Amino acid sequence: VNLVESGGGFVQPGGSLRLSCAVSGFIFDDYSIGWFRQVPGKEREGVACISRSDGRTYYADSVKGRFTISSSGPRNKNTVYLQMNNVKPEDAAVYYCAAEIGTIEQWAVFRHQEYDYWGQGTQVTVSS
């Protein structure tokens, strides 16, 4: 399984940015993809998750209504997007996509320990 993030960069407060995660290597169409973010000195924080099998999406309260996770493409070469709107300074972080085979229980979708596969991360900087 291989995950490659892209789309990070500079964005002004109130602006928009779309992150992409190119997913490859899954044999079955039953996996979950999560977007996490991390700033130095803090624990990795889950912000959004999508279940490939049933399309369910989950959002952290801090991004609900502003971020949208979506998925497109076949199971073995899929792209997962994180559309970030009305970006706030506190959204600045390194963003990672992560994958796990199967469906993750709703209570655990933002636990980074649930995910076995990780991308290298992409930096999002919020500055006016």
Side-chain angles (χ1 to χ4, degrees):
V1 175
N2 193 38
L3 307 171
V4 180
E5 302 98 333
S6 61
F10 287 86
V11 59
Q12 293 185 339
S16 297
L17 201 64
R18 189 175 79 162
L19 306 183
S20 299
C21 175
V23 181
S24 61
F26 279 104
I27 298 174
F28 300 106
D29 201 13
D30 183 16
Y31 54 88
S32 301
I33 301 292
W35 279 99
F36 289 76
R37 64 188 182 188
Q38 190 169 26
V39 297
K42 289 193 175 181
E43 191 171 349
R44 197 164 290 191
E45 172 193 19
V47 296
C49 173
I50 186 167
S51 172
R52 175 74 181 181
S53 61
D54 59 14
R56 289 188 181 184
T57 57
Y58 306 91
Y59 297 95
D61 289 341
S62 58
V63 306
K64 202 171 292 184
R66 301 188 298 119
F67 290 11
T68 302
I69 188 170
S70 61
S71 172
S72 69
R75 57 160 170 77
N76 60 344
K77 199 166 186 181
N78 179 38
T79 301
V80 177
Y81 301 98
L82 185 68
Q83 178 67 43
M84 305 168 60
N85 296 330
N86 189 22
V87 173
K88 300 179 179 181
E90 54 264 38
D91 294 324
V94 177
Y95 281 73
Y96 300 88
C97 65
E100 177 60 17
I101 296 171
T103 301
I104 301 174
E105 294 289 334
Q106 182 174 349
W107 65 270
V109 295
F110 296 137
R111 295 182 75 245
H112 62 83
Q113 300 93 331
E114 299 293 322
Y115 296 81
D116 286 334
Y117 306 98
W118 291 84
Q120 82 289 349
T122 186
Q123 178 73 52
V124 172
T125 302
V126 183
S127 174
S128 54

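Remember, it's a predicted structure, so these values are computed and weren't measured experimentally.
Nearest heavy-atom pair, V39 versus A93, reported as atom, atom and distance to 0.1 Å: CG1-CB, 3.6 Å. Residues S20 and T79 come closest through the heavy atom pair CB-CG2, 4.2 Å. Nearest heavy atoms, I50 versus G55: CG1-O, 4.2 Å. Here the closest non-hydrogen pair linking E114 and A108 is CG-O, 3.3 Å. Of all the heavy atoms in C49 and Y115, the pair that sits closest is SG-OH, 3.4 Å.
Taking the six-membered ring where the residue is Trp, the centroids of F26 and Y31 are separated by under 6.0 Å. With ring centers used as reference points, F67 lies 6.0 Å or more from W35.
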Pair D91-R37, side-chain contact (heavy atoms from CB on, under 4.5 Å): steps then yes or no: CA-CA 8 Å; D91 294 324; R37 64 188 182 188; 2.8 Å; yes

Criterion side-chain contact (heavy atoms from CB on, under 4.5 Å) on V23 and I33, from CA distance to verdict: CA-CA 9 Å; V23 181; I33 301 292; 4.0 Å; yes

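Q106 CD: 12 or fewer foreign heavy atoms inside a 6.0 Å radius. The environment of CD in Q113 is crowded: more than 12 heavy-atom neighbours from other residues, nucleotides or ligands sit within 6.0 Å. Atom CZ of R111 sits in a crowded spot, with more than 12 heavy atoms from other residues, nucleotides or ligands closer than 6.0 Å.
With contacts defined as side-chain heavy-atom distances shorter than 4.5 Å, the pair E43/F36 does not qualify. With a 4.5 Å cut-off on side-chain heavy atoms, M84 and V124 count as touching. Between T125 and V11 there is no side-chain heavy-atom pair separated by less than 4.5 Å.
The same ILVMFWY cluster, assembled from side-chain heavy atoms under 4.5 Å apart, contains both I69 and L3. When the side chains of ILVMFWY residues are joined at heavy-atom separations under 4.5 Å, either directly or via intervening members, V63 and L17 end up in a single hydrophobic cluster. By the rule that hydrophobic residues join a cluster once side-chain heavy atoms approach within less than 4.5 Å of another member, V109 and Y96 end up as members of one cluster. There is a path of hydrophobic side-chain contacts, each under 4.5 Å, that joins V80 to I101.
For the pair Q120 (side chain) and E5 (backbone), a donor-acceptor distance under 3.5 Å is present. Of the possible donor and acceptor atoms, one in the side chain of R66 sits under 3.5 Å from a partner among the backbone N and O of S62. Looking only at distances, no side-chain donor or acceptor of Q38 sits under 3.5 Å from a matching main-chain atom of V94. Not one N or O on the side chain of Y95 forms a donor-acceptor pair closer than 3.5 Å with the backbone of L82.
Using a 4.0 Å cut-off between a side-chain N of Lys or Arg and a carboxylate O of Asp or Glu, K64 and D61 qualify as a salt bridge.
With rounding to the nearest 0.5 Å, the separation of CD in Q83 from CG in L19 is 9.0 Å.
Side-chain contact of S51 with S53: a donor-acceptor pair under 3.5 Å is present, judged by distance alone. Under 3.5 Å, the side chains of S32 and R52 contain no donor-acceptor pair of N or O atoms.
The residue from C21, S72, S71 that alone fulfils the side chain to side chain contact (heavy atoms under 4.5 Å, CB included) condition with Y81 is S72.
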